[in-house]
Novice: 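I have a structure here, written as structure tokens, and I will follow up with some questions on it.
Here the structure is a predicted model, which is why all the values come from computation and not from measurement. First listed ligand is number 1; within each ligand, the first listed atom is number 1.
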Amino acid sequence: MNSNTVNEILQGLSAPEKYISSKFFYDDAGSAIFQQIMEMPEYYLTNAEQEILAQQAGDIITETGFKGPFNLVELGAGDGSKTFELLNYLDKQNREVTYVPIDISMAAVDGLAADFAQRLPNVTLNPKVGDYFEVLNGRLKSEANPSLLLFLGSNIGNYIPGDALDLLRLFHKNMRDGDALLLGADLQKNPEVIRRAYDDPHGITRNFNLNLLDRFNRELDANFVKEQFDFYCHYNPLSGEVRSYLISLSDQVVDLADQQISFKKDELIWTELSKKYSFPELEGMAVTAGFEVKRHFLDSRSYFTNSLWIK
Ligand code: AVI
């Protein structure tokens, strides 16, 4: 980890209310645990979004209004499994599309490109490795064809509200007039359904959180004792926020990157926000960021939306 990253982590762990950004979940081990999360029956988000993209691909593409060739630009593509549904549809329709998966992980982008090249030989692939702000910077404006941006998986829900808006504004700034954004967002629903998806009975989300400590031990020369921490999470149906935490089980001092961090017994470290939206909240964000909301595409249980916004 570079010195800015180390300082960011130290700052969070020295704050009066300690926190660690959820972006640090995703080392190789954390990404593998996240795969296990997505396979849990309680974690309904993945299947709900897959269902929407598989069953409503035609309507989604029609609503963009794109008639000719276009770019499908996926931000944080991961393994691209859900996008396969859209591309498969486009391929069958003989639509001319260039798929631009962008991900920070070279392994993810390479794997996905190899997989799609084999399964969708007619689709043009133009994968990009890097931070999607840097990769996106200026690129869509100079494209000859319109672009449909994909920001799937409820990733928007992991940003605190101000940052979520900044990100949407940044997408907007980089898009051409008439370009479209398909945003995957988890909806407010029976709070028990949401609670079970995060406070899961298998302990997988607990491992996902505790893996942060393993990562810091390995990469920041820290000496966290995992048994001295536990996981807690809470869904507040009034705010729509799932908040996840690590709890210190004793008064303890931990070494990390040549600093000493003190924890009180029962002190919390906030590790993640997973925001669940109402339609007015989503529509408010769209308008504030400069978009027109075209349509919400829902799964059969109305748990999740892929919302199409136009610049
Ligand atoms: C990646 N992100 C949208 C997931 C979420 O639902 O907030 C990460 C996750 N955290 C716990 N379970 C899944």
Side-chain angles (χ1 to χ4, degrees), residues 19-50 52-53 74-83 101-105 108 131-132 150-161 163-164 167-168 182-215 229-237 239-247 268-277 281-282 285 299 301 303-307:
Y19 61 89
I20 300 170
S21 164
S22 59
K23 70 183 176 202
F24 296 113
F25 280 143
Y26 302 95
D27 64 347
D28 288 348
S31 300
I33 303 172
F34 183 53
Q35 287 294 331
Q36 295 175 15
I37 289 179
M38 290 194 290
E39 284 159 23
M40 302 189 307
E42 293 81 6
Y43 194 75
Y44 56 84
L45 291 79
T46 311
N47 284 342
E49 190 169 47
Q50 185 104 24
I52 297 168
L53 298 180
E74 181 162 18
L75 303 151
D79 72 357
S81 56
K82 288 172 276 188
T83 317
I102 305 174
D103 203 286
I104 195 84
S105 156
D131 179 297
Y132 42 70
L150 304 176
F151 194 51
L152 303 179
S154 192
N155 286 332
I156 191 72
N158 296 136
Y159 291 81
I160 57 170
D163 290 352
L167 184 63
L168 295 167
L182 189 69
L183 181 78
D186 198 16
L187 294 169
Q188 293 175 10
K189 61 183 73 63
N190 183 331
E192 191 51 26
V193 172
I194 295 175
R195 192 193 61 75
R196 272 201 301 268
Y198 291 85
D199 195 8
D200 73 84
H202 320 284
I204 298 175
T205 313
R206 181 175 185 274
N207 291 343
F208 187 53
N209 278 260
L210 286 168
N211 177 60
L212 282 169
L213 305 183
D214 280 338
R215 179 175 190 187
F229 289 86
D230 203 352
F231 165 67
Y232 172 74
C233 80
H234 172 253
Y235 176 57
N236 178 347
S239 65
E241 292 183 345
V242 176
R243 287 181 178 246
S244 300
Y245 303 90
L246 290 166
I247 317 167
L268 300 175
I269 311 171
W270 181 30
T271 54
E272 188 175 47
L273 167 67
S274 298
K275 166 81 178 145
K276 312 300 163 192
Y277 297 94
E281 278 173 323
L282 278 175
M285 284 186 351
D299 62 296
R301 294 185 292 190
Y303 280 2
F304 197 91
T305 179
N306 284 111
S307 294

Novice: Quick one: does ligand 1 sit under 4.0 Å from the side chain of Tyr198, the backbone, both or neither, non-hydrogen atoms only?
Specialist: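 Side chain only.
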
Novice: Can you tell me how far apart CG (Leu210) and CZ (Phe231) are? Round to the nearest 0.5 Å.
Specialist: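 That separation rounds to 8.5 Å.
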
Novice: Give a yes or no on whether a salt bridge exists between Glu241 and Lys275, defined as a side-chain N under 4.0 angstrom from a carboxylate O.
Specialist: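 Lys275 and Glu241: not salt-bridged.
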
Novice: Could you list the atoms of ligand 1 found under 4.0 angstrom from a heavy atom of Gly153?
Specialist: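 Within the 4.0 Å cut-off of Gly153, ligand 1 contributes 3 (C).
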
Novice: Heavy-atom pairs closer than 4.0 Å: do any link ligand 1 to the side chain of Asn158, the backbone, both, or neither?
Specialist: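 Looking at Asn158 and ligand 1, just side chain atoms fall under 4.0 Å.
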
Novice: With a 4.5 Å heavy-atom cut-off, do Val242 and His234 have their side chains touching?
Specialist: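 When only atoms from C-beta onward are counted, His234 and Val242 do not touch, as no gap falls below 4.5 Å.
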
Novice: For atom 11 (C) of ligand 1, what is the nearest protein heavy atom, given as residue, atom name and distance?
Specialist: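 I find the closest protein heavy atom is Glu272 OE1, 3.4 Å.
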
Novice: May I ask you to check whether Phe34 and Tyr26 place their ring centers less than 6.0 Å from one another?
Specialist: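 Yes.
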
Novice: Contact between Gly157 and ligand 1, counting heavy atoms under 4.0 Å?
Specialist: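 Distance cut 4.0 Å: Gly157 fails for ligand 1.
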
Novice: Please identify which atoms of ligand 1 are closer than 4.0 Å to at least one heavy atom of Ser154.
Specialist: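 Those qualifying, in numeric order: 3 (C).
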
Novice: Can you tell me how far OH of Tyr277 sits from CZ of Phe304, rounded to the nearest 0.5 angstrom?
Specialist: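 The OH atom of Tyr277 is 10.5 Å from CZ of Phe304, to the nearest 0.5 Å.
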
Novice: Within the 4.0 Å heavy-atom shell around Tyr26, which atoms of ligand 1 are there?
Specialist: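 The list of qualifying atoms is 1 (C), 8 (C).
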
Novice: Considering only protein heavy atoms, which is closest to atom 7 (O) of ligand 1, and at what distance to one decimal place?
Specialist: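 Protein heavy atom with the smallest distance to atom 7 (O) of ligand 1: Ser274 OG, 2.7 Å.
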
Novice: Going by the atom numbers of ligand 1, which of them fall below 4.0 Å from some non-hydrogen atom of Ile37?
Specialist: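 Close to Ile37: 12 (N), 13 (C).
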
Novice: Please list every donor-acceptor pair under 3.5 Å in which a side-chain atom of residues 184-191 meets a protein atom from a residue at least two apart or in another chain.
Specialist:
residue, atom, partner, partner atom, Å
Asp186, OD1, Tyr44, OH, 3.4
Asp186, OD1, Lys189, NZ, 2.9
Asp186, OD2, Tyr44, OH, 2.6
Asp186, OD2, Lys276, NZ, 2.8
Gln188, NE2, Lys276, O, 3.0
Gln188, NE2, Glu281, OE1, 3.3
Lys189, NZ, Tyr44, OH, 2.9
Lys189, NZ, Leu187, O, 2.5
Lys189, NZ, Tyr303, O, 3.1
Asn190, OD1, Glu192, N, 2.9

Novice: With a 4.0 Å cut-off on heavy atoms, is Tyr43 touching ligand 1?
Specialist: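 Contact check Tyr43 vs ligand 1: positive.
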
Novice: Are any non-hydrogen side-chain atoms of Ile204 and Arg206 less than 4.5 angstrom apart?
Specialist: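 Ile204 does not reach Arg206 side chain to side chain.
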
